[in-house]
Amino acid sequence: MNNFSSLQHLEITREVHKVIPPPPKSTLAKFKTRLKETFFPDDPLRQFKGQPLKRKWILGAQYLFPILQWGPNYSLKLFKSDIISGLTIASLAIPQGISYAKLANLPPIVGLYSSFVPPLIYAVFGSSKDLAVGPVSIASLLIGSMLREQVSPTKEPLLLGFIIDFLSKATLTGFMAGSAIIVSLQQLRSLLGIVHFTKEMGIIDVLSSVFHNTNEWSWQTILMGFCFLVFLLLARHISMKRPKLFWVSAGAPLVSVILSTLLVFAFKAQNHGISVIGKLEEGLNPPSWNMLCFQKKYLGLVLNTGLVTGIISLTEGIAVGRTFAALRDYQVDGNKEMIAIGAMNMVGSCTSCYITTGAFSRSAVNYNAGAKSAFSNIVMAITVMVTLLFLMPLFRYTPNVVLGSIIVTAVIGLIDVPTAYLIWKIDKFDFLVCLCAFFGVIFISVEDGLSIAVGISIFKILMQNTRPKTVVMGNIPGTNIYRNLHHYEEAKAIPGFLILGIEAPVNFANTTYLNDRISRYIEDYEAEEEVKKHSDLQFVILDMTAISAMDISGVAFIKDLKKAMDKRGLELVLVNPVGEVMEKLQRANKAHDFLAVDCLYLTVGEAVASLSSRIKPDASSHV
């Protein structure tokens with residue numbers, strides 16, 4: 001009986017297609033393409049192609065200032081919707097702005113300043129119809145924790161410049177949840193009426209401070225805080241259950257501020273253990289460019305804090321904008337959003353503001369209120385302006401405990417248990433990253449927790465690169481399809497062939513591993529008694545379809561592998577080297593002539609079909 005007959009059951013074609021290199025391109029052209037795909041993947045310049053000069057100027061102005069695109073078509077109907085949504089988000093932005101400024105250890109008035117100028121700038125530069133900008137809890141927490149003490153640049157060097165590429169879903173989920181708990185624990189100072197409270201952010205230090213100062217607990221403060229916290233959480237629950245009642249949770253913070261202020265004023269509660277905000281300055285944002293400090297001793301701290309808070313704010317703002325854009329079926333331009341968020345913070349830093357971005361809670365209210373354009377941000381800014389000019393004395397008796405309740409209610413939604421559970425079900429390693437971010441934030445510090453999670457994510461990427469996945473492939477009977485033998489049970493190994501697939505780029509970081517792994521595959525093949533009975537190994541086929549890139553070390557790996565196969569008496573066959581990989585192999589082959597034409601094939605099926613006739617009869621038959 002001829003055991004080589006197993007090959008005859010394959011439905012294969014004898015036609016062999018040539019593997020050709022990509023069309024030639026100059027080094028400059030390649031560099032321009034790589035540069036464009038790196039920084040401008042959406043190709044913003046494509047709209048200028050074929051347009052007259054005047055039209056190009058108009059399109060350029062509209063790209064930089066999106067308000068020029070939607071402004072000319074603005075109508076009274078849209079204006080009515082934006083007025084309603086703008087007033088609604090203003091009712092939420094005013095109490096939240098004051099609360100978040102206190103969270104950042106800044107004067108409460110700064111929160112209102114930051115809710116006035118940045119929204120005006122965003123309305124000009126932003127591309128989202130639904131994003132409502134202003135101070136947010138996470139950035140406020142980062143500002144407060146990182147600037148709480150003067151950090152030495154030599155002790156804490158800048159290591160977070162490229163952190164934005166490693167803020168995975170798992171990292172952000174754990175980081176946000178941990179930050180929400182830290183923010184909530186920090187509010188125990190206001191909710192319990194404690195005067196001497198720790199400046200540390202860790203959960204152990206905070207709880208220790210809470211229970212070591214029980215003599216400072218104020219029952220009046222606790223009672224008021226409990227009542228308003230229940231009211232705010234109930235309002236939030238109602239709006240979540242019935243989205244049409246979004247105005248309940250949107251208006252609850254402002255109602256809480258008004259009611260609590262009236263109660264304190266009526267009963268003189270500030271004289272009975274309830275702390276209040278006190279007098280706030282009236283007037284619009286004073287200029288602050290004269291306060292910008294570039295002294296060497298602060299520069300490292302400023303750069304470190306600016307990088308971390310800026311990256312987190314960019315990530316959050318763009319993510320929130322795209323979330324609501326998907327619900328309304330329109331596109332948010334990431335480049336425009338970066339310009340808008342950057343511009344509003346640069347202008348804000350010169351007008352007494354601190355960092356701002358798109359807040360999910362306010363944007364959700366803006367979306368549900370029916371916002372039609374970024375003009376809703378202008379309405380909100382005008383409302384805040386009126387507050388700054390005429391209504392500041394009304395906040396004098398606002399109790400801090402209510403601001404603490406507002407913050408707790410706002411951040412509790414950042415604890416996303418369903419997403420964390422989904423991460424656990426899908427990828428256990430990502431769940432470990434999530435846990436590291438979470439526990440790092442609550443037990444060490446906000447920035448260290450984020451750094452630990454990012455570090456683990458980088459380690460995962462390095463492991464995937466240095467230990468790329470390699471598979472042994474077999475034929476699915478009756479087809480020309482070749483798949484992983486350990487994945488598809490019906491796939492069968494082809495006698496005389498070892499078919500391998502590499503599912504990653506090949507570069508200096510993984511060539512040693514790949515060389516060792518392929519050698520081990522060959523040894524395993526030759527050690528299998530069952531295979532020995534049918535045929536000796538003659539061809540090693542390397543499916544290169546999933547190898548998207550290759551450096552000079554990768555090219556040297558192929559050359560050395562070819563030499564190693566020749567010494568073993570085996571033939572190395574390459575299948576479907578793509579684009580850049582094929583081009584580099586071709587150039588190297590001109591210099592060293594290590595690849596023959598008959599060792600390159602377009603598909604595994606064609607390679608097996610063409611080479612099966614060269615299987616030695618004495619090696620492939622057994623009587």
Side-chain angles (χ1 to χ4, degrees), residues 1-17 19 426-427 464 467-506 510 513-548 557-558 561-562 564-565 568-578 581 598-617 619-622:
M1 179 182 176
N2 188 353
N3 288 299
F4 189 68
S5 61
S6 58
L7 285 172
Q8 297 173 343
H9 293 293
L10 297 173
E11 296 180 5
I12 54 180
T13 175
R14 291 292 174 181
E15 183 180 1
V16 178
H17 298 86
V19 179
I426 295 174
D427 191 325
Q464 290 174 339
R467 296 295 183 268
K469 186 177 181 181
T470 55
V471 298
V472 180
M473 305 170 71
N475 175 257
I476 296 179
T479 73
N480 282 329
I481 300 172
Y482 289 78
R483 290 295 182 266
N484 186 351
L485 283 173
H486 300 292
H487 185 181
Y488 293 86
E489 294 182 358
E490 66 271 28
K492 304 296 182 183
I494 307 299
F497 292 88
L498 176 60
I499 306 171
L500 303 175
I502 300 176
E503 300 179 352
V506 177
N510 57 31
Y513 168 79
L514 288 173
N515 191 49
D516 293 342
R517 191 70 187 89
I518 292 174
S519 296
R520 189 147 42 98
Y521 277 132
I522 294 172
E523 291 168 3
D524 291 344
Y525 183 99
E526 293 174 343
E528 290 181 13
E529 292 296 327
E530 198 62 35
V531 173
K532 276 186 172 181
K533 293 177 182 178
H534 291 82
S535 72
D536 294 328
L537 179 61
Q538 295 183 45
F539 297 99
V540 175
I541 298 179
L542 199 61
D543 186 356
M544 304 179 72
T545 303
I547 302 178
S548 58
F557 158 72
I558 296 295
L561 186 63
K562 179 70 168 62
M565 295 301 104
R568 288 174 176 262
L570 304 175
E571 288 191 41
L572 177 65
V573 178
L574 305 182
V575 169
N576 195 28
V578 296
V581 176
D598 60 352
C599 75
L600 291 173
Y601 292 88
L602 198 59
T603 68
V604 175
E606 289 185 359
V608 172
S610 177
L611 299 171
S612 60
S613 60
R614 293 166 53 188
I615 294 288
K616 297 175 183 178
S620 61
S621 60
H622 178 71

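Contact detail for Ala607 and Val573: the closest heavy-atom pair is CB-CG1, 4.3 Å. Minimum heavy-atom separation, Asn515 to Phe557: N-CE1, 3.7 Å. In terms of heavy atoms, Leu600 sits closest to Pro577 at CD2-CG, 4.3 Å. Nearest heavy atom pair, residue Tyr601 against residue Ser610, reads OH-OG, 3.2 Å. Ile494 approaches Val608 most closely through the heavy-atom pair CG2-CG1, 4.3 Å.
Considering Leu574, Leu514, Val506 as possible partners of Ile558, the one that fulfils the side chain to side chain contact (heavy atoms under 4.5 Å, CB included) test is Leu574.
We find the CE-CD1 distance between Met473 and Ile481 to be 10.5 Å, quoted to the nearest 0.5 Å. Between the OG1 atom of Thr479 and the CD atom of Glu490 there is a distance of 9.0 Å, given to the nearest 0.5 Å. Between the CD1 atom in Ile499 and the CZ atom in Arg483 there is a gap of 12.0 Å [rounded to 0.5 Å].
Residues Thr603 and Tyr482 bring no donor and acceptor atom of their side chains to less than 3.5 Å of each other.
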**Asked** For Val471 and Leu500, what are the C-alpha separation, side-chain angles and deciding distance, and is it a side-chain contact (heavy atoms from CB on, under 4.5 Å)?
**Response** CA-CA 6 Å; Val471 298; Leu500 303 175; over 6 Å; no
**Request:** Go through the steps for Tyr513 and Thr470 under the test side chain to side chain donor-acceptor pair (under 3.5 Å), then give the verdict.
**Result:** CA-CA 11 Å; Tyr513 168 79; Thr470 55; 4.6 Å; no
**Asked** Could you go step by step and tell me if Leu537 and Phe497 meet the side-chain contact (heavy atoms from CB on, under 4.5 Å) rule?
**Response** CA-CA 6 Å; Leu537 179 61; Phe497 292 88; 5.7 Å; no
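By the side-chain contact (heavy atoms from CB on, under 4.5 Å) test, Arg568 is found to be paired with Ser519, Ile522, Glu523, Glu526, Met565, Leu570, residues two or more places apart in sequence or in another chain being considered. Residues meeting the side-chain contact (heavy atoms from CB on, under 4.5 Å) test with Ala491, sequence neighbours left out: Ile476, Leu485, Tyr488. Every residue meeting the side-chain contact (heavy atoms from CB on, under 4.5 Å) condition with Lys492, not counting sequence neighbours, appears here in chain and number order: Pro477. Partners of Arg520 by side-chain contact (heavy atoms from CB on, under 4.5 Å), not counting sequence neighbours, listed by chain and number: Arg517, Asp524. Residues passing the salt bridge (Lys or Arg N to Asp or Glu O under 4.0 Å) test with Asp427 are Lys460, sequence neighbours excluded.
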Show every donor-acceptor pair shorter than 3.5 Å between a side-chain atom in residues 539-547 and any protein atom, with sequence neighbours excluded, or say none if there are none.
residue	atom	partner	partner atom	Å
Asp543	OD1	Thr545	N	3.1
Asp543	OD1	Thr545	OG1	2.7
Thr545	OG1	Asn576	ND2	3.2

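Under the 4.5 Å side-chain criterion, counting only non-hydrogen atoms from C-beta, Arg614 is in contact with Glu571.
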